[in-house]
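First up is the structure itself, then whatever we jot down about it.
Values reported hereafter were calculated over all heavy atoms of this structure, with side chains retained and with hydrogens, waters and symmetry mates removed.
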Amino acid sequence: MRWLMAAVVLVAVLAGLLRWRRPAWYWLSFGVTFATCRVLGRYRAVMDACGLTVPPPRWRLAIARMANRPVPEPRAPRILRLRPTRTGLVLRLGLRPGQDAFDVAASCDRLRHSFGMFGVTSREIRSGVVELRMTGYDVLRRVQMPARAERSTMRVPVALREDGDVHYRDYQTTPHALTIGATKSGKSVYQRNLVAELAAQEVALVGIDCKQGVELFPLARRFSALADNPDTAADLLDALISHMEDVYQLIRAEQRITSDTPDADIAADIWDLPDHLRPVPIVLLVDEVAELALFATKDEEKRRDRIITALARLAQLGRAAGIYLEICGQRFGSELGKGITMLRAQLSVRTAHRVNDETSANMAFGDIAPDAVLATVQIPVSAPGLAITGDASGGWSRIRTPHTSLRAAVDACNKHAHLTPDLPALDAFRPVLASPAVPVAIPAPAAPATP
């Protein structure tokens, strides 16, 4: 009997230690079993307490009355599937007649407390079917990306969502994006992780870094073009517009709109072209966009208008030519001058890290997801990399990027440097790779003269 008690105590101590130091290991070893038992054991009572039940149908009440039996209990949504994951549970429910997916979404916080889970989110799969994604621990506290995250053409994993799922950046679905955040909020790490993932793709990377290139120039081996000041950026954007016009001429020449060609083969963008004719897609990364919009003299104002106009044209017309924008900055509001709000309207994906004021959050989400504004201003200083992301559909979620050091991003770019395409239109902006530094002998200070 003593050995049994000792084993129970040892297992309890091990479970407590894992829950404290390694919550992911605790979940996979103990937590998933305990959580499954809690959900199944409390399910009917929790649904009734949360108001997610419906009265029994009249025919059941009539039969119970005729047979002199107890009145049937209210009916909860049917459990269609309960599936454990590496971070929690996925519960798929079939709604009863008269129930609405909004009622389930409004009860997520009560379900979280009742089932003893860390977080609960819901989404509608189809009419009458709702999926609850429940996390067993704080997956954003120590981000661990799955070892086998799905990757495809122009679709890369960049962060982990609060429901334990992977957050992807899909350029073919949402071509252009805006990322804002205060200093030390994790914006640069997000950009580094994105570049490291794109480095393995058949894509041309073009960068504008007006901080004298300190963020993007270390990754130069994988970039087809780089600019480190507003003057060079203006010329680079003009070259991109010329490249875009050449791509459209290619698409026009290969549209295949003759009468003997099926409609499905008509080309409208680069992805409809044959592989041997398809131009390489381009991702333009702009770091600190405010530096491109600020001016102090008349000449700088003309340059600023030229840059903003070029960016707006690329945002409006570049998608079909395979040009995608990633705009980053600390603020992105109308105080940056004319044309800024027009450019912002073209950036469908919005990602906001910690900001210093509510106005900055409104710049990102005020026009697409007002509910996300409050969540953005609540991001703590102690959680760099934590962000709120949303798109034009109005949906939003919390994400956190895994920490990617500059050294790791440089290694990824150097590993895939052979994939860097040559774009004739951008040859003038190809970064010049510096040769390895040669140690310089520093002469010793002269000895003081003796009197």
Item to check | Heavy-atom donor-acceptor pair, Asp272 side chain to Ala268 backbone, under 3.5 Å | outcome: yes
Next on the checklist: Minimum heavy-atom separation for Arg222 and Thr420, please, with both atom names.
Outcome noted: CA-OG1, 3.3 Å
Item to check | Trace of the salt bridge (charged side-chain N to carboxylate O under 4.0 Å, His left out) decision for Arg169 with Glu326 | outcome: CA-CA 11 Å; Arg169 180 71 180 92; Glu326 286 285 342; 2.6 Å; yes
Item to check | Verdict with reasoning, Ile251 to Ile270, per side chain to side chain contact (heavy atoms under 4.5 Å, CB included) | outcome: CA-CA 7 Å; Ile251 296 174; Ile270 66 169; 4.1 Å; yes
Next on the checklist: Run His243 and Ile282 through side chain to side chain contact (heavy atoms under 4.5 Å, CB included) and show every step you take.
Outcome noted: CA-CA 10 Å; His243 172 78; Ile282 298 174; 3.5 Å; yes
Checklist entry - Does some side-chain heavy atom of Ser107 sit less than 4.5 Å from a side-chain heavy atom of Phe102? => result no
Table please: side-chain donor-acceptor pairs of residues 189-200 below 3.5 Å, with sequence neighbours left out.
residue: Arg192; atom: NH1; partner: Thr404; partner atom: O; Å: 3.0
residue: Asn193; atom: OD1; partner: Thr404; partner atom: OG1; Å: 3.3
residue: Asn193; atom: ND2; partner: Val158; partner atom: O; Å: 2.8
residue: Glu197; atom: OE1; partner: Arg151; partner atom: NE; Å: 2.9
residue: Glu197; atom: OE1; partner: Arg151; partner atom: NH2; Å: 3.4
residue: Glu197; atom: OE2; partner: Arg151; partner atom: NH2; Å: 3.1

Checklist entry - How about Arg155 and Ser152: does a side-chain donor come under 3.5 Å of a side-chain acceptor? => result no
Next on the checklist: Which residues pass the salt bridge (Lys or Arg N to Asp or Glu O under 4.0 Å) test with Arg75, not counting sequence neighbours?
Outcome noted: none
Checklist entry - Ignoring hydrogens and geometry, is there a side-chain-to-backbone donor-acceptor pair from Gln99 to Arg96 under 3.5 Å? => result yes
Checklist outcome for this item: Residues passing the side-chain contact (heavy atoms from CB on, under 4.5 Å) test with Thr359, sequence neighbours excluded, are Arg331, Asp357, Met363
Next on the checklist: For the backbone of Leu273 and the side chain of Arg278, can you confirm whether one donor and one acceptor N or O come within less than 3.5 Å of each other?
Outcome noted: yes
Checklist entry - Salt-bridged, Arg350 to Asp391, with N to O below 4.0 Å? => result no
Checklist entry - Are the charged groups of Arg430 and Asp422 less than 4.0 angstrom apart, N to O? => result yes
Next on the checklist: Do His403 and Thr401 have side chains that approach each other closer than 4.5 Å (heavy atoms only, starting at C-beta)?
Outcome noted: no
Checklist entry - Taking everything shown except Lys211 itself, do over 12 heavy atoms lie less than 6.0 Å from its NZ? => result yes
Checklist entry - Do Ile180 and Gln330 have side-chain heavy atoms sitting under 4.5 Å apart? => result no
Next on the checklist: Measuring from atom OG1 of Thr389 to atom CZ of Arg398, what distance do you get when rounded to the nearest 0.5 angstrom?
Outcome noted: 12.5 Å
Checklist entry - Any donor and acceptor pair, going by atom type alone, linking the side chain of Glu202 with main-chain N or O of Val280 inside 3.5 Å? => result no
Next on the checklist: Taking the side chain as everything from C-beta on, heavy atoms only, tell me whether Arg354 gets closer than 4.5 Å to Val381.
Outcome noted: yes
Checklist entry - Heavy atoms, side chains only, cut-off 4.5 Å: are Ile79 and Leu91 in contact? => result yes
Checklist entry - When rounded to the nearest 0.5 angstrom, what is the spacing between CG in Leu178 and CD1 in Ile327? => result 7.5 Å
Next on the checklist: Just verifying a value: how many Å separate Tyr168 OH and Met154 CE, rounded to the nearest 0.5 Å?
Outcome noted: 15.5 Å
Next on the checklist: Testing the basics here: between Leu95 and Ala101, what is the closest heavy-atom pair and its distance to 0.1 Å?
Outcome noted: CD1-N, 3.8 Å
Item to check | Residues that Ala361 engages under side-chain contact (heavy atoms from CB on, under 4.5 Å), provided they are two or more places apart | outcome: Val355, Val373, Thr376, Val377
Next on the checklist: Is the distance from the ring center of Tyr171 to that of Tyr324 below 6.0 Å?
Outcome noted: yes
Checklist entry - Does a salt bridge link Arg407 with Asp411, judged by any charged N lying under 4.0 Å from a carboxylate O? => result yes
Checklist entry - Do you know which two heavy atoms are closest between Ile323 and Met244, and how far apart they sit? => result CD1-CB, 3.8 Å
Checklist entry - Is there side-chain contact between Leu132 and Thr121, with at least one heavy-atom pair below 4.5 Å? => result no
Next on the checklist: If you compare all heavy atoms of Thr87 against all heavy atoms of Trp27, which two are closest, and at what distance to 0.1 Å?
Outcome noted: C-NE1, 3.6 Å
Next on the checklist: I need the minimum non-hydrogen distance between Pro431 and Ala220, along with the two atoms involved.
Outcome noted: CG-O, 3.6 Å
Checklist entry - When rounded to the nearest 0.5 angstrom, what distance separates SG in Cys108 from CZ in Arg110? => result 10.0 Å
Next on the checklist: So Thr351 and Lys187, do their side chains get closer than 4.5 Å, heavy atoms only?
Outcome noted: no
Checklist entry - Looking at Asp209, Val206, Leu216, which one forms a side-chain contact (heavy atoms from CB on, under 4.5 Å) with Phe223? => result Leu216
Item to check | Heavy-atom closest pair, residues Ala233 and Leu292 | outcome: CB-CD2, 4.0 Å
Item to check | Distance, nearest 0.5 Å, that separates CD1 of Ile208 from SG of Cys328 | outcome: 11.5 Å
Next on the checklist: Working note: Gln201 + Val156, criterion side chain to side chain contact (heavy atoms under 4.5 Å, CB included); need CA distance, chi angles, decisive distance, verdict.
Outcome noted: CA-CA 9 Å; Gln201 297 263 340; Val156 293; 3.6 Å; yes
Checklist entry - Looking at side-chain heavy atoms only, is the closest gap between Ser185 and Pro384 below 4.5 Å? => result no
Checklist entry - Counting heavy atoms not belonging to Gln378, are there more than 12 under 6.0 Å from its CD? => result yes
Checklist entry - Hey, is the main chain of Asp170 close enough, under 3.5 Å, to the side chain of Thr174 for a donor-acceptor pair? => result yes
Item to check | Crowding at CH2, Trp25 (>12 non-hydrogen neighbours, <6.0 Å) | outcome: no
Checklist entry - Do side-chain atoms of Arg38 reach the backbone of Phe115 as a donor and acceptor pair under 3.5 angstrom? => result yes
Side-chain donor-acceptor distances from residues 139-147 under 3.5 Å, at least two apart:
none

Checklist entry - Is the number of heavy atoms from other residues, nucleotides or ligands under 6.0 Å of Arg319 CZ greater than 12? => result no
Checklist entry - For Asp109, which residues count as a salt bridge (Lys or Arg N to Asp or Glu O under 4.0 Å) partner, sequence neighbours excluded? => result Arg112
Item to check | Chi angles and distances behind the side chain to side chain contact (heavy atoms under 4.5 Å, CB included) call for Leu314, Ile241 | outcome: CA-CA 7 Å; Leu314 289 172; Ile241 291 177; 4.0 Å; yes
Item to check | CD on Glu162 to CZ on Arg133, rounded to 0.5 Å | outcome: 11.5 Å
